[in-house]
Amino acid sequence: MQKLEYPEEIEEEIETEQEELRIESTIYEAESPKNLKTSLLLSVTYSGKHGKALVKLYNPEDGKIYYWYDNTGHKPYFYTDLSEEELRKNPSITLHPGFLGFDIVELYHPILDKKIKLTKIIAKDPLSVGGQKNSLREYLKNKWEANIKYHSSYIFDLGLIPGAPYKIIDGELLRDFKEVKFSEIEELYKYEDPEYLQAVKEWINILNQPIYPIKHVAIDIEVEMESPTLLPSPKKAASKVIAVACVGSDGLKKVFILRRNVDMGTKSPELNGVDIEVVDDEVSLLQKVFSIISSYAIVFTFNGDNFDLPYLYNRAIKLGIPKEKIPIALGKEIALVLPGVHVDLYKFFHNKVIQIYAFARKYDETDLNSIAKALLGVEKKVLKDFINLVPLYELALYCYNDAWITYNLVNFNNKLILNLIIILMRITKLPIEDVTRIGVSNWIKSIVAFKLRSRNELILNKEEIFATKGTLSTTAIIKGKKYQGAKVIDPIPGIHFGVVVVDFASLYPSIIKVWNISYETIDCIHEECKSNKLPGISHWVCKKRRGILSILIGSLRDLRVGFYKVKSKDPNLDQQTRFQYDVIQSSMKVILNAAYGVLGAETSDLYSPAAAESITAIGRYNIDKTIEIAQSLNLEILYGDTDSLFIKQPQKDVLQKFVEMVEKELKIDIDVDKIYKYVVFSQRKKNYFGVTQNGTVDIKGLLGKKKHIPEFVKKTFYNIVEMLKEVNKPEDFVKAKEKIKNLTYEQYKLLKTGRISLSELAIKVTMNKNIEDYSKTTPQHVKAAMQLKYFGVEVKAGQSVAYVKVRTQEGVKPVQLARLDEIDMTKYVEMMKSSLEQLLEPAEIEFESILGSNNLGLFM
DNA sequence: GCGGACTGCTTACCT
DNA sequence: ACAGGTAAGCAGTCCGCG
């Protein structure tokens, strides 16, 4: 299939610097009742029309969205250190049309460790605080909390928990929480300080609330194309919308097709049960779609922010539909719907931490097809012809299938995604639109800011944190990195039977808790804390005050490990509860795993290099101490990486003693993670394989598992792995050896005689940049991409190039352009060798000997 | 003019 | 737009070489 190009955007983008989308339409406004029963808080936004914060609630009883407008008189604001008197002299402030007034406040400054006096500047609307050239914040140098979005500020000040149940009584918005019993928790954490216990209780209180099913719909649209290679531009919306599919949680299965001068074609049985409506004119088609969009609480799309919804909106405008009759509001890079909410699954799945920690890297490209293949085991349909010419029933099927996939991404595995989103909202205090669109550093920022506001503490500026926490005392091993990271212990090469792996359960979060690491406690201001040095570095940590991250991250860690993980496997609980607990513990995992990284990320608002390098330094200290203890008990350490140690054939009681000693010394839990029948190490770090007691094989870092290795090498690699599974004792290797040799030889023969197809020889490598951005060198995959571009197919950043090695000057060719007879065999034999050797070497098989031992004449 | 030693770039992995 | 550490393969450079 021909690759598509993106349209050139000719017009200047109209930069709507607006932080809050002003939704002016009244047609699609939801009711705002005086009383409302148990409803989930889905979103908070600012209503320009009412000049108030707007809370969107979902009532599971009737499946409808309800609005609640602020009745507390809450206004946007920020702080400055200028006195009111000084400010009065500044007409840009006092005469600003959005200026409302001043207030003098006292707030606790976490780094100065004292209360400071600030002037609160109150504004009429969010845009007057920030977002425009002449917003109030632009006229002041020293300012705090001026970049917080108004809806977040509102959530923080009212202590709202997005994703949690609320009710309205006599116009008042109230928590509608089920009572949670804390006796068990109080027992579990009785040695912790009261502040910490309080944090634990608050987490449980919000996380254990029921999650109600939410009425939702998945939508996908198809658009006619101007040319076969140019993707339609949503901004221009020049071509017709020819199909729209909707799949709803209420059983809706609907496809609207625009009647055009194209064959109906034949209706596939896959469309049985799907209501296909052929609509005569585009305007009615759009109106019907709008009516569906506005009747569901959540609209899910895949890339709807950047394509489907702006296209529908702009097309509707173009066809003369008045904008107040369109239930869509467009922002800079976001599209919202009315009266409910829109979630763009592309953005959610694109989030790196979701990809890595929630889905364990099951998908590595974030297009719909890759994700569907990895998570649902299904693929997108392929159009057999240019979309403009495809028979209508076929188009209907294609469109329906995409909406169906989108719907199932939300609903597979017991609505996992929907549950995950709700739990993440509760943890991060972000509205559904934000939590599904922004990255983890902003999640954590929101968690922290919510807590700070509740404690009447100032939310510090990035620069302020960096000014005192920016010093580094270590040097990174890798050039270009800022500070030293984890320690990896050289493995002892060979085959080792009976290996026990112990590891620290979430090491870095534990360190943050136990050592009181936080951006404000590291290198704190107190003279008397300076002696409280951390091991191996020149930083010290506060003795007087518990750090906010120590509390937040520590409590999340403890609850995950000690409560939710345990409860998710508790057979005494019903399945639904266990499932919710499992969702909670995986949501926590996502956040915990990223917490340390956020401190070390320059782009993060909590960037605190001193804290980040202290965490890794303590990590190294921990592993060193643990090795010392192991040695004192005569345990043999085979390998270790960051937070784990591989111990050879430890005696049960010695291991027990070891665990006790480590926990006593370091105050951090260490557990047996797994037991291997045998593990095979080379001299390489991060590179081994092992067979566990139940026969599963772990392969770490070996070449054969890397995704760019050609399929045919991979197949052979995994066939050998299967053979190694059978090995239970040292003697078994001898038997496996013959089988492995034969297999390898057979594959080699196939390769040499040209019987491996081009696609199995393909090397697939991701382009992390666009072609023109490779300025320093031109790697092979880029060479291949350049050849493809010459043929009119452009590979963009994020996509992968498939190429083969050939005997030409360039050395490579994209698979599409290559012939089998020009393949450079020697390169493929080399690849086979390097990949397979990592398995053969330990079995004492020489790759070369396999090739040489048989029928030499065959290949010349 | 060419090959080996070296450094640097790039990707994909591990924790 | 969370971190650093490691392996592998290739690109590019420098140096020596009658």
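Each chain gets a letter, A, B and so on, in the order its sequence line appears, and its residues count up from 1. The analysis underlying the following values was restricted to heavy atoms, covering all of them including side chains, and did not include hydrogens, waters or symmetry mates.
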Checking A:Glu628 now: which residues fulfil side-chain contact (heavy atoms from CB on, under 4.5 Å) with it, not counting sequence neighbours? A:Lys625
Between C:dC2, C:dG9, C:dA3, which nucleotide gets closest to the side-chain atoms of A:Tyr483? C:dA3
Under 4.0 Å, counting only non-hydrogen atoms across every strand here, what does A:Lys487 touch: a base, just sugar-phosphate, or nothing? nothing
Kindly write out the residues that satisfy side-chain contact (heavy atoms from CB on, under 4.5 Å) with A:Ser518, not counting sequence neighbours, or none if the list is empty. A:Glu520, A:Thr521, A:Ile548, A:Leu549
Counting only non-hydrogen atoms, which of residues 638-647 of chain A are less than 4.0 Å from DNA chain C? none
Nearest nucleotide by nearest heavy atom, which residue falls closer to the 5' end of DNA chain B, A:Lys479 or A:Lys706? A:Lys479
Geometric cation-pi criterion, A:Lys429 with A:Phe450: 6.0 Å, 45°: yes
Can you list, in residue-number order, the parts of residues 611-629 of chain A that come under 4.0 Å of DNA chain C, counting heavy atoms only? none
For the pair A:Phe466 and A:Tyr607, name the ring-plane relationship: parallel under 30°, tilted 30 to 60°, perpendicular over 60°. parallel
Under 4.0 Å, counting only non-hydrogen atoms across every strand here, what does A:Gln484 touch: a base, just sugar-phosphate, or nothing? sugar-phosphate
Donor-acceptor list for residues 679-690 of chain A side chains, cut-off 3.5 Å, not counting sequence neighbours:
unit_1, atom_1, unit_2, atom_2, d
A:Ser682, OG, A:Arg684, N, 3.0
A:Lys686, NZ, A:Asp641, OD1, 3.3
A:Lys686, NZ, A:Asp641, OD2, 2.8
A:Asn687, ND2, A:Gly701, O, 3.1

Could you tell me whether A:Lys445 contacts a base, only the sugar-phosphate backbone, or nothing, with contacts defined as non-hydrogen atoms closer than 4.0 Å? nothing
Under 4.0 angstrom, heavy atoms only, what part of the nucleic acid is A:Gly600 near: base, sugar-phosphate, or nothing? sugar-phosphate
Ranking B:dT11, C:dC2, C:dA8 by distance to the side chain of A:Leu703, first place goes to C:dA8
NA contact type, A:Asp503, heavy-atom cut-off 4.0 Å: base, sugar-phosphate, or nothing? nothing
Considering every strand and a 4.0 Å limit on heavy-atom distances, what is the contact class for A:Ile477: base, sugar-phosphate, or nothing? sugar-phosphate
Contact check, residues 680-689 of chain A vs DNA chain C, heavy-atom distance under 4.0 Å, returns A:Arg684, A:Lys685, A:Lys686
